[in-house]
Asker: 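Structure below; questions to follow.
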Amino acid sequence: MKKYKFFNFLLPFLGVVLLTLLLHWQKAPAQSSSIHLTMGNPSGAVTNTSYPNNYLLSKSQYALSYNNTTRIPNWVSWQLNNSWLGSTPRQDDFRADTSLPSGWYQVQGTDYQGSGFDRGHMTPSADRTNTVTNNSATFLMTNMIPQAPDNNQGPWANLENYSRDLVVNQGKELYIISGGYGSGGTGSNGTKYTIANGKIQVPARTWKVIVVLDTPGSGVSGVTTNTRVIAVDMPNSQGIRSDNWKTYRVSVDSIESNTGYNFLSNVSTSIQSVIEARIDNL
DNA sequence: CTGACAATC
DNA sequence: GATTGTCAG
């Protein structure tokens with residue numbers, strides 16, 4: 001009898017503990033737990049097949065909003081710091097992303113062949129060289145957009161190299177978001193609006209937003225009105241190969257108005273309004 | 001000139 | 001795997 005009385009005494013406490021755990025478990029999926037979405041979720045993407053054109057794919061290596069109409073990501077977002085970098089060689093295993101919801105077309109590793117467009121990485125292979133698994137993940141076709149070779153291998157690649165330099169040689173931590181917008185690009189076989197028999201759309205422009213944190217690990221609170229933000233918007237076209245990426249710098253505000261996305265939404269609006277209006281000039 | 005990175009065939 | 005091209009050191 002004594003034992004039962006003791007249990008009755010404990011019951012309310014047990015109830016509170018269980019309820020607290022339950023609430024936490026329910027809340028967990030709702031928030032963007034991904035480190036790659038530290039600065040925000042630009043389109044409010046959710047992992048819900050009711051929104052096939054803004055479907056959140058959250059991987060340990062990066063997060064993205066997939067568009068099942070264009071068959072390319074709306075945006076891809078990833079963290080870049082020293083811990084992601086190592087000596088793993090490029091895996092080159094371009095392949096379909098089988099994690100897409102069943103019934104959706106899966107862009108094949110071969111779908112860009114003969115199109116005149118590169119399978120342009122959003123999260124670069126060279127930004128994930130710490131393990132074979134992480135490098136290989138960048139070759140999933142959901143991380144690709146059809147990119148004009150002169151864009152991808154020219155100023156776009158140079159900005160990627162510059163970004164890694166900020167991490168390796170200046171100790172920065174970056175939060176990067178990139179994608180395309182508009183319709184119709186000019187690749188090595190001319191202007192196209194779609195490739196792969198109309199299955200995949202070709203964007204007219206490619207854009208990128210890079211938040212440069214002086215203190216790795218400082219997160220959103222490391223962002224001040226002095227924080228450097230590099231944003232670029234360049235044509236998805238041939239003929240720009242030898243252009244300096246710096247000539248394509250714009251404000252985050254201009255990319256927001258062209259894409260309809262809201263960047264850095266986890267940063268206080270008073271800081272956002274300053275750093276999103278500024279055009280990088282370093 | 002070489003190595004790293006972006007690719008294609 | 002071989003080849004092409006750019007860039008940084």
Side-chain angles (χ1 to χ4, degrees), chain A residues 61-62 64 71-73 76 78-97 107-172 174 176-180 185-192 195-197 200 202-203 205-208 210 212 230 232-249 280 282:
Chain A
Q61 299 85 4
Y62 52 87
L64 63 85
R71 300 319 185 353
I72 58 176
V76 182
W78 67 102
Q79 178 198 57
L80 180 60
N81 60 31
N82 243 317
S83 73
W84 294 103
L85 302 178
S87 54
T88 302
R90 183 184 168 95
Q91 297 300 299
D92 264 322
D93 50 350
F94 292 94
R95 63 200 187 283
D97 189 338
V107 173
Q108 301 298 297
T110 52
D111 275 346
Y112 287 29
Q113 273 179 15
S115 69
F117 291 89
D118 285 355
R119 295 170 290 191
H121 285 72
M122 292 294 92
T123 306
S125 163
D127 281 8
R128 294 289 180 265
T129 52
N130 57 335
T131 67
V132 169
T133 300
N134 289 345
N135 183 261
S136 182
T138 71
F139 288 87
L140 291 167
M141 293 306 291
T142 47
N143 183 43
M144 307 289 168
I145 68 173
Q147 237 173 319
D150 283 359
N151 168 304
N152 187 37
Q153 300 172 31
W156 191 264
N158 294 342
L159 175 56
E160 290 177 347
N161 290 335
Y162 178 82
S163 302
R164 279 186 296 275
D165 186 74
L166 289 176
V167 171
V168 173
N169 295 320
Q170 298 186 45
K172 309 293 191 186
L174 312 182
I176 309 173
I177 313 122
S178 77
T186 307
S188 57
N189 291 335
T191 299
K192 298 193 175 180
I195 60 173
N197 297 315
I200 305 166
V202 180
R205 314 273 310 179
T206 63
W207 56 265
K208 184 173 252 184
I210 304 171
V212 184
I230 304 167
V232 297
D233 181 341
M234 54 183 82
N236 192 19
S237 306
Q238 294 296 79
I240 68 168
R241 180 175 290 262
S242 53
D243 291 356
N244 191 317
W245 65 265
K246 291 186 174 182
T247 65
Y248 292 110
R249 287 183 290 194
D280 179 66
L282 289 182

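Quick caveat, the model's predicted, so the values are computed rather than measured. Within every chain, numbering begins at 1; the chains are lettered A, B, ... in the order of the sequence lines, protein sequences first and strands thereafter.
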Asker: It should be established whether A:Arg241 places a side-chain nitrogen or oxygen under 4.0 Å from OP1 or OP2 of nucleotide C:dC7.
Answerer: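 False: A:Arg241 side-chain N/O out of range (4.0 Å or more) of C:dC7 OP1/OP2.
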Asker: Looking only at the side chain of A:Asn152 (C-beta and beyond, no hydrogens), which of the listed nucleotides B:dC5, B:dA7, B:dT8 gets closest?
Answerer: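 Between B:dC5, B:dA7, B:dT8, the one nearest the side chain of A:Asn152 would be B:dA7.
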Asker: Mapping A:Gln153 and A:Asn169 onto DNA chain C by nearest heavy atom, which one lands closer to the 5' end?
Answerer: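 The residue mapped nearer the 5' terminus is A:Gln153.
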Asker: Just N and O in the side chain of A:His121: are any of them under 4.0 Å from OP1 or OP2 of B:dA7?
Answerer: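 For B:dA7, OP1 or OP2 has a side-chain N or O of A:His121 closer than 4.0 Å.
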Asker: In whole Å, I'd like the distance from the CG atom of A:Asp111 to the P atom of B:dT8.
Answerer: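 That distance rounds to 13 Å.
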Asker: Short question: side chain of A:Arg128, backbone of A:Ser125 - any donor-acceptor pair under 3.5 Å?
Answerer: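 Between the backbone of A:Ser125 and the side chain of A:Arg128 there is no qualifying donor-acceptor contact (under 3.5 Å).
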Asker: Taking CG from A:Asp92 and C1' from B:dC5, how many angstroms apart are they, rounded to a whole number?
Answerer: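 From A:Asp92 CG to B:dC5 C1': 11 Å.
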Asker: Which nucleotide, B:dC5, C:dC7, B:dA7, lies nearest any side-chain atom of A:Ala126?
Answerer: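 Selected nucleotide: B:dC5.
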Asker: Base, sugar-phosphate or nothing for A:Pro124? Non-hydrogen atoms, less than 4.0 Å.
Answerer: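 Touches sugar-phosphate only.
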Asker: A:Arg90 CZ to B:dT8 C1': how many Å, rounded?
Answerer: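 In whole Å, B:dT8 C1' and A:Arg90 CZ are 11 Å from each other.
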Asker: Nearest of B:dA7, C:dC7, B:dC5 to any side-chain atom of A:Arg164?
Answerer: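 Nearest to the side-chain atoms of A:Arg164, counting from C-beta on, is B:dC5.
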Asker: Can you tell me how the ring of A:His121 sits relative to the ring of A:Phe139, calling it parallel under 30°, perpendicular over 60° and tilted otherwise?
Answerer: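 A:His121 and A:Phe139: perpendicular rings.
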Asker: Distance check needed: C:dC7 P versus A:Trp245 CH2, whole Å only.
Answerer: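 Whole-Å distance recorded here is 14 Å.
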Asker: As a test of understanding, state which of A:Arg119, A:Gln108, A:Arg95 forms a side-chain contact (heavy atoms from CB on, under 4.5 Å) with A:Met141.
Answerer: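 One option only clears the test, and that one is A:Arg119.
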Asker: Quick one: A:Ile240 CD1 to C:dG5 P, roughly how many Å, whole number?
Answerer: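 Interatomic distance, CD1 of A:Ile240 to P of C:dG5: 18 Å.
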Asker: For A:Asn161 and B:dA7, what is the distance between atoms CG and P respectively, to the nearest whole Å?
Answerer: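 In whole Å, B:dA7 P and A:Asn161 CG are 11 Å from each other.
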Asker: Looking just at side-chain N and O atoms, do A:Asn236 and A:Thr186 make a donor-acceptor pair shorter than 3.5 Å?
Answerer: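 A:Thr186 and A:Asn236 do not have a side-chain donor-acceptor pair below 3.5 Å.
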Asker: CD1 of A:Ile145 versus P of B:dA6: gap in Å, rounded?
Answerer: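 Going from A:Ile145 (CD1) to B:dA6 (P), I get 15 Å.
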Asker: Mind calculating the distance between CG (A:Leu85) and P (B:dA4) to the nearest angstrom?
Answerer: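 For the pair A:Leu85 CG and B:dA4 P, the rounded distance is 14 Å.
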Asker: For A:Asn158, report the nucleic acid contact type (base, sugar-phosphate, nothing); a contact means any heavy atom under 4.0 Å.
Answerer: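 A:Asn158: backbone/sugar contact only, no base atoms under 4.0 Å.
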Asker: Which of these nucleotides, B:dC5, B:dT8, C:dT6, is closest to any side-chain atom of A:Arg119?
Answerer: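 Nucleotide nearest to A:Arg119's side chain: B:dT8.
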Asker: Could you walk me through whether A:Asn134 and A:Trp84 pass the side-chain hydrogen bond (donor to acceptor under 3.5 Å, both in side chains) test, one step at a time?
Answerer: CA-CA 8 Å; A:Asn134 289 345; A:Trp84 294 103; over 6 Å; no
Asker: Under 4.0 Å, heavy atoms only, any strand: does A:Gly154 hit a base, just the sugar-phosphate, or nothing?
Answerer: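 Touches nothing.
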Asker: When all nucleic acid strands are considered with a 4.0 Å heavy-atom cut-off, which category describes A:Phe94: base, sugar-phosphate, or nothing?
Answerer: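 Touches nothing.
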Asker: What contact category does A:Glu160 fall into here, base, sugar-phosphate, or nothing, at under 4.0 angstrom with non-hydrogen atoms?
Answerer: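 It contacts sugar-phosphate atoms only.
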